[in-house]
Structure formats: structure tokens, C-alpha cells
Amino acid sequence: MSATAVEFAARDGYRLAGTLYRPKAPNRRAVLFQAATGVKQEFYGKFAEYLSGRGFAALTFDYRGIGRSRPASLRGFKARMRDWAEKDIAGALDHLGRASQGAR
């Protein structure tokens, strides 16, 4: 299993930070971790490692404005939960699909 820090685009181009967990023996399955409100991706790291050790590709990520996807300053930064759902999660799914080479 390997864990690699990644950056990818949300559907509107906003840059998001994540961690991709690649299994040594892939089972052609992939898991996207969608964090609870305001929870950083590191909270899910151990579970992602566990799944990766069992053949699953896994991606954890921070929504815009959170953790490693946060801009230097939040002054004037606008993000809605709707952005997380429609743009960030969709971009994460796109990235995971490419990175896991079509795993289900």
C-alpha cells in the first residue's frame, strides 16, 4: 500500500488536496471518503489504509476551505455546502476514477 498526497480540480477548477491510497494487490474497487462537515481528511486515514491493505484504491480529500484545501486567508472566501456536494465531490470522483483506472 502506498499513500500519496495529490492535488486535483473540483468541477469548477478550484484546487483540492487529497491523499490517494493505492493497494499493492488491487481488487478493482475504489472508495471515496466524503468527510463530515468541517472534518479534515486525516481523520479517515487509518480506515483508508485498512481498505487499501485489502485491495481497495481509496481517496480522502479536504473540501474547499478546509484543511489542506484551505486558502491562506479565509477573509472574503466564499464556499457553500452546495459547492462541496456539486463541485468538490464530483471532482474527487473524477480524480479517483482516473487514478484507479476504472475500478468500480
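- Classified by interplanar angle (parallel below 30°, tilted 30° to 60°, perpendicular above 60°), the ring pair F8/H95 is parallel.
- In the hydrophobic clustering of this structure, L59 groups with W84; members are Ile, Leu, Val, Met, Phe, Trp, Tyr whose side-chain heavy atoms approach within less than 4.5 Å, directly or through other members.
- Contact detail for S100 and A57: the closest heavy-atom pair is CB-CB, 3.9 Å.
- Residues F43 and L20 do not share a hydrophobic cluster, clusters being chains of Ile/Leu/Val/Met/Phe/Trp/Tyr side chains in contact below 4.5 Å.
- Aromatic ring pairs are classed by plane angle as parallel below 30°, tilted from 30° to 60° and perpendicular above 60°; the pair F61 and Y63 is perpendicular.
- The side-chain heavy atoms of L51 and F33, taken from C-beta on, include a pair separated by under 4.5 Å.
- For Y50, the OH atom counts as loosely surrounded, since its 6.0 Å shell holds 12 or fewer non-hydrogen atoms of other residues, nucleotides or ligands.
- With a 6.0 Å radius and a threshold of 12 heavy atoms from other residues, nucleotides or ligands, R22 has its CZ atom at or below the threshold.
- P71 places a side-chain heavy atom less than 4.5 Å from the side chain of Y14.
- Taking CD of E49 as the reference point, atom OG1 of T19 lies at 10.0 Å (rounded to 0.5 Å).
- Residues passing the side-chain hydrogen bond (donor to acceptor under 3.5 Å, both in side chains) test with K87, sequence neighbours excluded: D83.
- Looking at heavy atoms from C-beta onward, E42 lies in side-chain contact with R68 at the 4.5 angstrom threshold.
- Across L93, L16, I66, D62, a single residue satisfies side-chain contact (heavy atoms from CB on, under 4.5 Å) together with D88, and that is L16.
- Between F77 and R64 the shortest side-chain heavy-atom distance falls below 4.5 Å.
- E7 places no side-chain N or O within donor-acceptor distance of the main-chain N or O of R15, the cut-off being under 3.5 Å.
- In this structure, Q41 and T60 approach most closely via the heavy-atom pair OE1-OG1, 2.8 Å.
- Neither L32 nor F47 shares a network with the other; the hydrophobic side chains, linked directly or stepwise wherever heavy atoms of I, L, V, M, F, W or Y lie under 4.5 Å apart, form separate groups for each.
- Looking at every heavy atom in both residues, P23 comes nearest to P26 through CG-CA, 3.8 Å.
- Taking the six-membered ring for Trp, F56 and Y21 have ring centres at least 6.0 Å apart.
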